[in-house]
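Worksheet: one structure, shown below.
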Number of protein chains: 2
Amino acid sequence: MEVAEGVSAATPTEEMNGAGNLMDFLDEPFPDVSTYEDFHTIDWLREKSRDTDRHRKITSKSKESLWELIKSLLDAWSGWVVMLLIGLLSGTLAGVIDLAVDWMTDLKEGVCLSAFWYSHEQCCWTSNETTFDDRDKCPQWQKWAELMTGHAEGAGAYVLNYFLYILWALLFSFLAVSLVRVFAPYACGSGIPEIKTILSGFIIRGYLGKWTLLIKTVTLVLAVSSGLSLGKEGPLVHVACCCGNLFCSLFSKYSKNEGKRREVLSAAAAAGVSVAFGAPIGGVLFSLEEVSYYFPLKTLWRSFFAALVAAFTLRSINPFGNSRLVLFYVEYHTPWYMTTQLGKYPVLEVIAVTGITALLAYPNPYTRRSTSELISELFNDCGALESSQLCDYVNNPNMSRPVDDIPDRPAGPGVYNALWQLTLALIFKIVITIFTFGMKIPSGLFIPSMAVGAIAGRIVGIAVEQMAYHHHDWIIFKNWCRPGADCVTPGLYAMVGAAACLGGVTRMTVSLVVIMFELTGGLEYIVPLMAAAVTSKWVADAFGKEGIYESHILLNGYPYLDVRDEFTHRTLATDVMRPRRNDPPLAVLTQDSTTVEDVETLIKDTDYNGFPVVVSRESERLIGFVQRRDLTLAIKNARQKQDGVVSSSVVYFTEDAPQLPASNPQPLKLRRILNLSPFTVTDHTPMETVVDIFRKLGLRQCLVTRSGRLLGIITKKDVLRHMAQMMNQDPESIMFN
Amino acid sequence: MEVAEGVSAATPTEEMNGAGNLMDFLDEPFPDVSTYEDFHTIDWLREKSRDTDRHRKITSKSKESLWELIKSLLDAWSGWVVMLLIGLLSGTLAGVIDLAVDWMTDLKEGVCLSAFWYSHEQCCWTSNETTFDDRDKCPQWQKWAELMTGHAEGAGAYVLNYFLYILWALLFSFLAVSLVRVFAPYACGSGIPEIKTILSGFIIRGYLGKWTLLIKTVTLVLAVSSGLSLGKEGPLVHVACCCGNLFCSLFSKYSKNEGKRREVLSAAAAAGVSVAFGAPIGGVLFSLEEVSYYFPLKTLWRSFFAALVAAFTLRSINPFGNSRLVLFYVEYHTPWYMTTQLGKYPVLEVIAVTGITALLAYPNPYTRRSTSELISELFNDCGALESSQLCDYVNNPNMSRPVDDIPDRPAGPGVYNALWQLTLALIFKIVITIFTFGMKIPSGLFIPSMAVGAIAGRIVGIAVEQMAYHHHDWIIFKNWCRPGADCVTPGLYAMVGAAACLGGVTRMTVSLVVIMFELTGGLEYIVPLMAAAVTSKWVADAFGKEGIYESHILLNGYPYLDVRDEFTHRTLATDVMRPRRNDPPLAVLTQDSTTVEDVETLIKDTDYNGFPVVVSRESERLIGFVQRRDLTLAIKNARQKQDGVVSSSVVYFTEDAPQLPASNPQPLKLRRILNLSPFTVTDHTPMETVVDIFRKLGLRQCLVTRSGRLLGIITKKDVLRHMAQMMNQDPESIMFN
């Protein structure tokens with residue numbers, strides 16, 4: 001049988017700290033020390049109560065002196081200050097990452113002679129000899145083969161460049177995986193599923209720590225530069241949340257309250273997406289729709305502010321801030337789709353996948369370049385000056401026919417060639433992304449799925465365009481194309497494809513569309529984008545309700561109570577509560593007949609995180625709930641400091657202890673640590689209501705009564721296990737409290 | 001003392017229906033009939049439970065036959081079907097309203113000779129003689145003076161046109177106010193505060209009825225066309241919600257469940273904003289941030305779909321769909337800011353205000369035109385071809401000075417003239433809007449506040465621009481303006497001003513920015529717009545936390561538990577619950593010792609909406625809660641149909657009634673109507689937790705216990721009154737249950 005979560009056993013250090021604070025916390029209904037263990041769930045109601053107490057104290061103090069008034073004002077504004085700091089730091093980090101990735105990606109191909117820390121573009125921008133037409137070519141920038149052998153062209157140079165490209169890629173990915181492995185195992189993956197879980201009220205110590213922040217930033221640059229099929233957007237959300245956590249520690253308002261801390265983290269997630277895509281509004285909506293659990297309007301406004309500052313900071317830093325897509329890189333991960341034998345050797349796995357990626361990606365022009373550039377080209381329409389292969393159209397071959405009745409143009413050989421290469425790139429991207437899944441390096445989700453969608457969309461777009469040209473008398477084209485105009489825009493198909501693919505993977509809707517149009521500036525395409533988002537959601541939901549992040553959470557067995565799951569079974573609280581039939585009775589304390597020794601035995605024999613207190617074992621009427629941790633500390637302290645408290649002392653949870661004869665041992669009064677308002681439901685309450693209450697109020701446990709008698713207890717874990725059972729899943733997959 | 005809300009006394013008709021259904025509802029834990037009275041609050045948890053029961057029944061039936069399977073699929077898709085219908089109808093209505101307003105606004109000035117139902121623009125578009133330069137002038141369109149006297153120019157024609165303009169305006173506004181007065185009093189105002197209240201779980205019968213829909217649509221056209229200082233955006237939200245309510249009645253899933261109905265209405269509100277501004281994403285966010293109370297992700301997706309369909313429908317209808325601002329018209333209302341003696345005579349008031357508006361607006365070119373056109377002009381930048389007065393700049397007067405060091409241009413006489421007229425227009429708009437407040441006609445909020453902000457913004461913009469020109473050596477301009485370029489764009493100042501003013505009035509943030517950039521297409525101005533939204537929110541919040549809608553709700557005394565209010569007082573449940581000290585004891589029923597007569601007496605003597613049931617008066621242990629309505633119906637039915645039930649029969653709420661000797665009267669078993677899972681809190685629960693529970697779970701009442709004994713009850717009204725008291729407001733201002 002398992003009882004209330006939270007503190008299971010205090011570690012020695014914590015106990016010592018706790019003991020020092022005991023006199024403080026006896027004065028308060030809720031002690032100010034953090035009482036949550038790693039991998040346990042927080043109690044939202046309790047955190048909220050503590051914050052209100054704190055706020056009340058500051059408000060009443062503020063009337064005492066000017067200094068206290070200033071302190072209370074500072075406290076009231078600290079939320080906005082934290083947001084400002086988060087925005088500044090995450091914007092700066094994103095800018096630095098962008099610049100570093102630019103430079104290191106180019107380093108795989110060559111080096112700038114005038115200054116080795118210049119990327120290809122910077123090198124040629126600063127060169128005076130560059131002409132407008134050929135901005136990419138300048139004498140200062142030399143490919144490795146040219147630098148080493150003096151020959152820029154030829155098969156030998158190609159092979160040497162190819163070889164060095166693979167070598168650099170292997171070096172980068174090796175460094176990335178080693179750093180993650182040695183210094184910060186939590187830095188791997190995109191981090192979004194874990195952040196979702198943390199925001200729902202789970203504790204994962206160190207997941208948002210300084211060490212993770214540092215290593216994730218460095219390895220993200222390395223992983224992206226290595227050319228692996230992964231993106232940097234998800235990890236940037238993790239980086240921003242680490243910044244948020246860092247600044248929380250500056251203010252006791254946030255560092256000492258797990259509920260308030262999560263409000264800051266929600267806003268930090270918004271700032272992360274804001275800098276990842278240059279999409280501040282999209283970031284706020286992403287945080288709201290996809291990541292956050294408890295998202296009050298206040299957090300909405302603060303997220304908005306943090307996202308604004310972050311976007312502004314990034315824009316001030318980034319010297320090439322014009323084309324928003326330049327912010328992107330490569331592909332993504334879903335660590336549960338396949339497990340290979342290689343998975344046991346993470347470093348080897350990364351090296352192998354990097355090698356294969358580099359080997360296969362180099363020859364195809366559409367996979368060699370960075371994914372963001374690829375997406376940018378696929379989205380583009382063919383203007384008159386466009387030199388891309390994709391724009392190799394035959395210009396009005398039959399001049400004798402009047403211009404007016406031919407929509408579009410026939411494709412030239414370049415387009416057919418591009419079609420083949422795109423098809424190969426599509427297959428390659430899909431396959432390599434599956435294999436890149438879940439490697440132990442930072443990896444993002446957005447761009448890879450967008451790339452797959454954009455390639456598929458562009459291919460379909462060209463096909464429809466050519467159909468419209470060759471069969472312009474077909475009924476579907478006839479009424480639709482205005483004569484003489486290009487009525488099919490393959491770039492739009494690519495954009496819609498990218499949105500649809502990303503929507504299918506993540507099940508985002510509103511935030512997806514907003515991000516897409518903040519990315520592309522294409523407000524006029526709102527209707528096709530929305531249609532794509534809704535359709536891809538429908539189709540994907542038909543295969544399974546979970547998006548990629550929920551699946552990941554499920555796979556890891558985190559205790560995440562999804563807001564979207566509907567619980568429609570006819571079970572009652574009585575079916576879920578512990579003790580079950582044939583279990584030993586519930587471990588309870590009585591208000592005035594338990595001795596110190598009894599309590600100590602109970603604490604030793606069980607590992608429950610708290611105990612209900614009843615009037616007497618006969619009446620079983622509930623009066624409150626006491627935390628294991630508080631009980632342990634209080635008894636230990638009393639034994640040390642309070643004279644006359646011995647093993648046979650009676651513990652009183654009542655308001656007044658009776659006057660006992662002097663011969664009796666001194667009673668121990670513990671009403672102060674008793675929570676007098678434990679949450680209760682009756683045994684006949686439908687489980688759907690119980691689930692709703694757990695979800696909305698963020699409870700950790702709930703006591704079950706019938707006509708005022710205590711019957712049992714339901715913890716969050718019990719709820720999650722019951723839900724898993726009802727959905728025919730393994731209840732044992734819920735591993736944490 | 002007051003007890004649980006909801007049904008206070010069933011009306012005769014309802015009772016008869018109810019009696020017919022009694023046998024049905026005895027089979028179910030919750031009867032399927034609507035049990036809420038007008039101006040009462042719904043119980044969200046109960047509605048949710050009922051929906052789950054319904055869903056469960058359909059799912060289990062669906063396995064029985066193919067027909068049932070199809071029915072269950074139809075049921076599952078009915079939500080999307082309703083959204084589709086709402087989108088189609090509200091899009092169509094918005095399109096029709098736009099066209100009608102266009103035509104009737106122009107009718108005040110003149111008529112189209114070729115077809116009287118053409119607006120000015122349509123008239124001249126269809127005319128072949130129109131040149132590109134002078135699109136507004138064509139022989140088919142004649143002003144009234146020209147048509148009646150043959151003279152188009154001159155003082156006489158001006159006065160005649162002026163007079164007829166006022167006459168038409170008076171006619172329109174008279175028709176509008178009369179129709180509202182006679183047929184649908186609920187059609188007045190913007191409707192958003194009431195919709196907010198309804199969405200939070202309040203019942204206002206007829207507020208979203210067919211009659212309101214029809215009258216609001218017609219009178220909206222009349223009111224806007226009359227040229228009054230009011231907008232049509234808010235009312236369009238009301239119209240869309242009426243559509244939503246209309247389509248709910250087609251599906252029992254929505255018509256019989258007040259909770260589900262509100263999900264549809266939230267989505268309908270999104271569709272309303274979507275068509276009002278042509279801003280589908282903004283609509284969804286507006287519904288989320290400003291209007292809705294309970295907004296699950298499912299509703300987010302559906303709102304998104306409804307908004308999409310509505311925007312698409314509107315775009316298909318509107319022949320001039322290009323310039324989005326053309327969708328707008330004039331000013332707005334807040335009925336509590338001032339009360340005039342005229343307020344007692346609504347028709348006279350409307351006529352008077354219309355007369356003054358028309359009289360003063362006509363001479364000033366900036367107030368004569370429609371507000372949407374005005375805003376559009378203020379937002380515009382001065383291009384080379386711009387003929388507007390606002391763009392009368394002197395082009396580089398001093399050619400000898402190098403172009404490079406002079407930013408901007410000096411203003412010409414036209415600009416100075418425009419500045420004066422704008423200042424007058426600003427004063428006029430502010431004053432007349434205050435007087436237009438709360439008249440009994442449909443009136444919206446957005447455009448008037450945007451107009452005020454835009455005028456102020458443009459004035460500031462021009463001032464800064466001229467400063468930059470005349471003092472281009474000042475330090476603030478020196479580092480900021482790149483030489484040779486226009487570094488101050490007055491149009492942008494107008495846009496930011498409009499956003500700031502609207503933000504200050506409504507306190508929207510994210511939805512405001514999204515609406516602004518969906519309106520203007522100006523994604524690149526996202527940073528100044530966001531900064532304006534955040535700043536105006538800060539400044540406005542310093543004067544008072546409530547936005548205009550919340551103030552309106554407060555003024556009307558609706559029971560709205562705002563999600564934003566933070567309750568930080570140290571009161572406990574025991575301070576708020578009834579009975580208070582010295583009150584008579586709580587009216588309860590016992591589970592096995594109350595006779596039918598006792599119950600009937602209790603029902604007659606009290607008007608509480610429900611009664612707690614306890615084990616016995618001595619133990620006071622709570623076993624459940626029974627609704628007054630259910631009790632009345634059950635006893636009435638039993639007396640009619642069940643032999644042997646007389647006044648002295650004992651009512652049993654226990655599982656089994658004891659076997660009584662035949663001489664005793666037949667017992668009446670009523671466990672079926674007993675709610676076995678009433679919501680309870682302990683008397684020591686802090687009120688902030690209670691408020692949180694009421695807010696998040698949507699409760700109507702909550703029972704208060706101490707160690708399993710029933711002590712009292714807290715209703716939503718008690719909570720709201722207590723909150724009002726704590727904020728030093730009059731608790732009696734909370735009028736409804």
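Chain letters run A, B, ... following the sequence lines, proteins first and then strands; every chain starts at 1.
- With a threshold of 4.5 angstrom between heavy atoms, B:V615 approaches chain A through side-chain atoms but not through N, CA, C or O.
- Note that CZ of A:R709 and OG of B:S707 are 13.0 Å apart. Values are rounded to the nearest 0.5 Å.
- Separation of atoms NZ (A:K696) and CG (B:L45) is listed at 7.0 Å; rounding is to 0.5 Å.
- The candidate with the highest count of non-hydrogen atom pairs below 4.5 Å against chain A, out of B:R706, B:K48, B:R56, B:Q591, is B:R56.
- With a 4.5 angstrom heavy-atom cutoff, B:T705 does not touch chain A via any of its atoms.
- Counting only heavy atoms from C-beta outward, the side chains of B:T689 and A:S677 never approach each other to under 4.5 Å.
- In this structure, the side chains of B:L288 and A:L288 come closer than 4.5 Å at one or more pairs of heavy atoms.
- For the atom pair CG (A:L308) and CG (B:L529), the distance works out to 10.5 Å, reported to the nearest 0.5 Å.
- The contact between B:L622 and chain A is made entirely by backbone atoms, counting heavy-atom distances below 4.5 Å.
- Interface remark: of the candidates A:T509, A:L710, A:L697, A:V284, A:T509 forms the most heavy-atom pairs closer than 4.5 Å to chain B.
- Rounded to the nearest 0.5 Å, atoms CG (A:L285) and CD1 (B:I281) are 8.0 Å apart.
- For the atom pair CZ (B:R507) and CH2 (A:W301), the distance works out to 9.0 Å, reported to the nearest 0.5 Å.
- Under the 4.5 Å side-chain criterion, counting only non-hydrogen atoms from C-beta, A:D692 is not in contact with B:W44.
- For the atom pair A:S60 OG and B:R570 CZ, the distance stands at 8.5 Å (nearest 0.5 Å).
- Ranked by heavy-atom pairs shorter than 4.5 Å toward chain B, the options A:I623, A:L300, A:L572 are led by A:L300.
- The shortest distance between side-chain heavy atoms of A:F679 and B:I693 falls below 4.5 Å.
- At a threshold of 4.5 Å between non-hydrogen side-chain atoms, the residues B:V513 and A:F304 count as touching.
- Judged purely by atom type and a 3.5 angstrom limit, B:R621 has no side-chain atom pairing as donor or acceptor with the backbone of A:G708.
- Contact annotation: the side chain of B:V514 never approaches that of A:V514 to less than 4.5 Å [non-hydrogen atoms, C-beta and beyond].
- B:A573 does not touch chain A: none of its heavy atoms, backbone or side chain, sits under 4.5 Å away.
- Judged as a salt bridge (charged side-chain N to carboxylate O under 4.0 Å, His left out), and not counting sequence neighbours, the contacts of A:E655 are A:R671.
- Side-chain atoms of A:D683 and B:L676, non-hydrogen and from C-beta on, never get closer than 4.5 Å to each other.
- By the ring pair (Phe, Tyr, Trp, His ring centres under 6.0 Å) test, A:F305 is found to be paired with A:W80, B:W538, residues two or more places apart in sequence or in another chain being considered.
- No more than 12 heavy atoms of other residues, nucleotides or ligands sit less than 6.0 Å from atom CZ of A:F312.
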